[in-house]
Amino acid sequence: MVARGEYLARASDCIACHSKPGERPFAGGRPMVTPFGTLYSPNISPDRDTGIGAWTADEFYKMMHTGRSRSGELLYPAMPFTAYTKMSRTDVDAIFAYLKTVPAIRQPNRPHALRFPYNDRKLLLGWRALYFTEGEYQPNPAKSKEWNRGAYLAEGPGHCSMCHTPINALGGSSRSAAYEGGLIPMQDWYAPSLTSNREAGLGEWSIEEISDLLQAGVSERGAVYGPMAEVVHNSLQYMSDADIRAMAVYLKDLPGSTPPASSHAQDAEALRLNPLGKKIYANQCASCHGTRGEGRGRDFPPLAGNQSIQMDSPVNPIRMVLNGGYPPGTLRNPRPYGMPPFAQDLSDEEVAAVVTYIRTTWGNRGTPITDRDVNALRSAPLD
Amino acid sequence: MTVKAMRDRILRAVFAFSLCSFASATFAQTSSVTLPDSIDTRVMACTGCHGARGEGSHDDYYPRLAGKPAGYLYNQLAAFRNGQRKYAPMTYLLEYLPDSYLHEMAQYFAAQQPPFPKMPTPTASPQVMALGKKLTNEGDKARDIPACIACHGASLTGVSPNIPGLLGLRAKYISAQLGASRYGARGSDHPNCMQKITHRMTDSDIAAVSAWLSSLPEPLSPAPATEGSLPLALTCGTGEPK
């Protein structure tokens, strides 16, 4: 049961929020900056006074299932209880059994620093009425066992929709826009659509490619970066082949609803910037991404036909050019290739030119961007 | 042109076009990318700033990595990754990389021996340079500041495995590191030997020693001194790489 609990705790990525980077796991205290103020995650190590050492399995399940703390207080939805409510009692019990075995760390919880009126938890009643449905996952009898396993993992422990469903001004996720992608508040990364939409989603990806991306962090179509690198590093790389495949099968089957974007390749701005962009591409990018943006296998992601470059929101390609990045080192890919940062070498205009070039060339149908778009992301958070 | 040749040409064009239209596994065979699968290629995210072989760059703050002892380089990579050294762009690059890979990167740069760059001549006054020379070679006994050479080697190329060389670095970089050490933004394993020393150094000491070190010529041999070849002035070094 403990081993199963460890596996499920990883699938749920508890450690990401309930640990401060570089410090002891599960002691909490990680600041989470939100548009409403800063939340500090609680200690979930088994310390009796400051952690969950005195909790019972019933209390733990109730918290995970209802989004209320042990004392009955409403939890802020930074805790993904809207997803964890879908987990089975057996699975939640296993996580609790595992958490009881990790080293107990004495570290009192830090109070949240939320602005008025968000510091009033009563407001959460309204939020919950709009965005929270309590209840365990109900299998869809029309779908395969594998599909249902994938749906359970993605919607429950995996809490994918926390980032991949657009978040509105109230910090809620609308079910009608499920998995259509959205800007992650405060982090300045865009979580792409996971629907089967061919322009932005996973429509053209094979099950193997989706599985590779989730488990190894790299695939023939692209690599993970930004917040998703953390998810693969902490969580998905440890999942079994069967579970990864099940999630891929489920994600691949999500219905698409966004209409394809029209081609903007002939915009005047693109025409103006593309000669400079082409020159920079040839000098700085082509040695890895290829003269035709074709990349090379899992080493160097292709840019031609790559959805994350053509999406309406250009923040991801701009940030990749500015900050570079290594995909996570994983069990399947412990020595990833890395993208160099160019923030120190290229001006706003040059970054705008090369990003416009890759968004509008080789049949890519993204929109041109401006030096202002680039400048706004130079100060984007790196942690 | 024969019909067959024409047909072949059209087929080739159609094939090429379909390749351009779909970024797919097919590219694995047809990629124009010729970079070898090697550690050189895998550290290209580093070499944009630190130079193709880790020789450093014209920017004051991207230091030479080449030839520094592997244990030292690994400790720095781990310190950036774990947040003991504070520089967000480095932490961001290394955040999710395993120890084994950081060791491999460290060993790669430790083994490089590119020529030393020509440093700008320091503009410091003769008095400042004299103080820098004295601190480097003799230290200041009255204030319990050991000489640089007492730990970093007589030729200042560092000591294996964990003590860095101090040559081929720009004055502004050295000064920034000594300042960061003093204020705790450049951590290492405890006890933090260098911080004890930087606490005793004044701003003028730091400016002087930085200017002097950056003015020194290329060493006869760039290799760090071997482990144990030097009785260290302080026995609180970084110890084994974590």
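A, B, ... follow the sequence lines: proteins, then strands. Residue 1 opens every chain.
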So for [X], is it side chain, backbone, both, or neither that comes closer than 4.5 Å to the heavy atoms of chain A?
| X | value |
| --- | --- |
| B/T41 | both |
| B/S38 | backbone |
| B/D37 | both |

Think A/R292 forms a cation-pi with A/W362, using NZ or CZ under 6.0 Å from the six-ring centre and within 45 degrees of its axis? no

Relative to B/F116, does B/R64 satisfy both conditions: NZ or CZ under 6.0 angstrom from the six-membered ring centre, and within 45 degrees of the ring's axis? yes

Aromatic contact, A/Y337 with A/F300 (centres under 6.0 Å): yes

Hey, do the aromatic rings of B/Y74 and B/H103 have their centres closer than 6.0 Å? yes

Backbone N or O of B/Q177 within a donor-acceptor pair of the B/S181 side chain at under 3.5 Å? no

Look at the side chain of B/Y101 and the backbone N and O of A/P336, then say whether any donor-acceptor pair between them is shorter than 3.5 Å. yes

Quick one: which of [options] has the most heavy-atom pairs under 4.5 Å with chain B, could you say?
| options | result |
| --- | --- |
| A/N234, A/T330, A/L382 | A/L382 |
| A/E230, A/E23, A/Q344, A/Q284 | A/E230 |
| A/A229, A/C288, A/P328 | A/C288 |
| A/H289, A/M339, A/H233 | A/H233 |

Counting only non-hydrogen atoms closer than 4.5 Å, can you tell me which residues of residues 42-52 of chain B sit against chain A? B/R42, B/V43, B/M44, B/A45, B/C46, B/G48, B/C49

Report which part of A/D299 has an atom under 4.5 Å of a heavy atom belonging to chain B: side chain, backbone, both, or neither. neither

Salt bridge or not between A/R335 and B/E104? Use side-chain N to carboxylate O under 4.0 Å. yes

From the list A/L377, A/D345, A/I280, A/V321, side-chain contact (heavy atoms from CB on, under 4.5 Å) partner of A/V351 resolves to A/V321

Could you verify whether a donor N or O on one side chain and an acceptor N or O on the other, from A/Q215 and A/R332, lie under 3.5 Å apart? yes

For B/R182 and B/Q195, does a side-chain donor sit closer than 3.5 Å to a side-chain acceptor? no

